[in-house]
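The structure appears below as structure tokens.
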Protein chains: 2
Amino acid sequence: MPLTDDVRVRRRVGLQAAATEQRRRAILDAAVQAFSEVGYNGTSLRDVAARAGLSHTGLLHHFPDKPGLLEAALDRLFDSTALEFDFASDDGVIVMRALIAAAERDVREPTSLRFLAVVTAESLVPSHPAHGFMRLMQQRVRETLTAAFTDLQERGLYRADPLTPSIAAVHAASLRNGAIAEWLRTPDEIDLVEIIRGQLRMFTTVEL
Amino acid sequence: MPLTDDVRVRRRVGLQAAATEQRRRAILDAAVQAFSEVGYNGTSLRDVAARAGLSHTGLLHHFPDKPGLLEAALDRLFDSTALEFDFASDDGVIVMRALIAAAERDVREPTSLRFLAVVTAESLVPSHPAHGFMRLMQQRVRETLTAAFTDLQERGLYRADPLTPSIAAVHAASLRNGAIAEWLRTPDEIDLVEIIRGQLRMFTTVEL
DNA sequence: GTCTATAGCGAGATAGAC
DNA sequence: GTCTATCTCGCTATAGAC
């Protein structure tokens with residue numbers, strides 16, 4: 001039972017909603033760009049708004065405040081990443097390959113990576129608005145990797161002994177984040193994909 | 001040939017210089033504390049000055065400006081670290097053991113570690129005042145580790161093949177930085193020393 | 001060497017017109 | 001839905017008294 005039966009009204013409302021959605025996307029794109037360049041703390045709402053082509057009060061019509069803007073940008077990033085790569089698979093081999101595929105995509109298309117790395121780095125201090133979110137993500141990544149290495153071990157494809165799967169998970173997560181930071185500082189001196197692939201190879205007999 | 005022969009004047013001047021030096025140290029201690037808690041960007045000169053027990057203008061008598069304060073704090077940290085641990089040794093085994101000893105000290109006494117990690121993280125964005133300094137440090141660490149692994153390889157104590165010493169250096173530096181960040185977020189869930197020792201063991205046959 | 005006072009800026013957020 | 005105008009705040013840095 002629609003609120004209105006007038007098809008012209010519905011169409012107009014639909015168009016408006018689509019335009020608003022497009023506006024929101026443009027603002028989020030601008031925010032990701034700005035955050036990745038100067039960090040969340042270094043970015044002003046006026047800066048984001050200018051990149052998106054509106055005033056900062058116009059921006060605040062679409063998002064409640066600055067932390068809300070960051071949260072929306074992070075949510076969108078994680079939703080799209082989950083769609084693209086199957087980190088949730090039960091199969092450890094698939095997770096290993098997803099890690100490498102994600103690194104290859106990140107090197108080709110580094111905007112999202114830079115955004116996430118910069119915000120992750122900033123959020124090390126507990127007062128940062130994304131601190132809690134990032135700690136949750138860190139724990140989820142560790143759990144995912146632990147499950148993947150455990151699966152490999154049960155299938156006889158694991159060779160990192162005496163490191164346990166949960167220790168190996170910390171190794172893999174730490175090296176990944178550390179290497180991303182090194183790569184962002186000196187992209188010409190590091191082959192990020194090979195660093196990550198090289199470490200995962202030390203943990204499994206599967207060809208990667 | 002002293003500027004004055006009056007021993008009382010020399011003594012008074014010496015006492016004053018010592019008091020000033022002590023004041024500078026207190027300010028640097030306060031700055032390291034503040035930076036480690038809320039980061040360089042999140043810290044105001046008023047905050048540092050209050051912790052050190054003087055006004056922010058009084059602080060600016062001892063340091064030229066905010067970037068100058070950060071630089072002085074970083075210089076002091078690296079000078080004291082170089083005194084305490086022999087990272088410059090030609091002997092790869094000594095460097096490996098220094099890395100583990102430094103981690104043990106860091107876990108016991110985490111203030112310096114937290115300061116360095118937070119500033120390292122923040123300085124990922126190029127506009128940060130410590131960006132250049134940290135990139136230099138990153139390259140120096142890589143060179144040091146490459147030399148250490150090369151030394152181990154020449155003495156038949158290296159087992160990370162097919163990883164070359166320079167690749168292993170990136171692995172070691174990245175994992176160290178990444179693990180420090182993980183540990184600072186969830187200190188109870190990670191044994192930082194064992195993570196670092198565990199990785200170095202994968203690279204050498206020496207008992208660590 | 002340290003202070004008070006203040007200049008000057010840029011930020012986040014709100015009010016109200018259109 | 002977007003704007004201009006404004007409020008209020010905190011910051012770095014300087015000037016000048018003591």
inquiry  = Any side-chain to backbone donor/acceptor pair from B:Arg24 onto B:His62? Under 3.5 Å, distance only.
reply    = yes
key: Where at least one partner belongs to residues 103-143 of chain A, residue pairs that pass ring-ring contact (aromatic ring centres under 6.0 Å, His included), sequence neighbours excluded   = A:Tyr40-A:His128, A:Phe78-A:Phe133
query = Can you list every salt bridge (charged side-chain N to carboxylate O under 4.0 Å, His left out) pair that touches residues 31-44 of chain B, not counting sequence neighbours?
reply = B:Glu37-B:Arg51
With sequence neighbours excluded, what pairs up with [X] under the salt bridge (Lys or Arg N to Asp or Glu O under 4.0 Å) test?
X        : result
B:Asp191 : none
A:Glu182 : B:Arg142
A:Asp29  : A:Arg76
A:Arg105 : A:Glu84

ask   = Which residues within residues 41-54 of chain A lie with some heavy atom under 4.0 Å of an atom in DNA chain C?
value = A:Thr43, A:Ser44, A:Leu45, A:Arg46
inquiry  = Let's see if you get this right: which residues in residues 23-40 of chain B place a heavy atom under 4.0 Å from DNA chain C?
reply    = B:Arg23
ask   = Roughly how far apart are A:Leu70 CG and A:Asn41 CG, rounded to 0.5 Å?
value = 9.5 Å
ask   = Rounded to the nearest 0.5 Å, what separation is found between the CG atom of A:Leu184 and the OG atom of A:Ser36?
value = 9.5 Å
key: A:Arg197 bridged to A:Glu104 by N-O distance under 4.0 Å   = yes
ask   = Counting only non-hydrogen atoms, which of residues 58-68 of chain B are less than 4.0 Å from DNA chain D?
value = B:Leu60, B:Asp65, B:Lys66
remark   = Taken to the nearest whole Å, NE2/A:His56 to C1'/D:dG1 is 15 Å
message = I'd like to check the side chain to side chain contact (heavy atoms under 4.5 Å, CB included) partners of A:Ser166; sequence neighbours left out, ordered by chain and number.
response = A:Thr146, A:Thr164
key: Residue list, side chain to side chain contact (heavy atoms under 4.5 Å, CB included) with A:Ala147, at least two apart or on another chain   = none
Write out a two-atom table: protein N or O, nucleotide N or O from nucleotides 15-18 of chain C, distance below 3.5 Å.
none

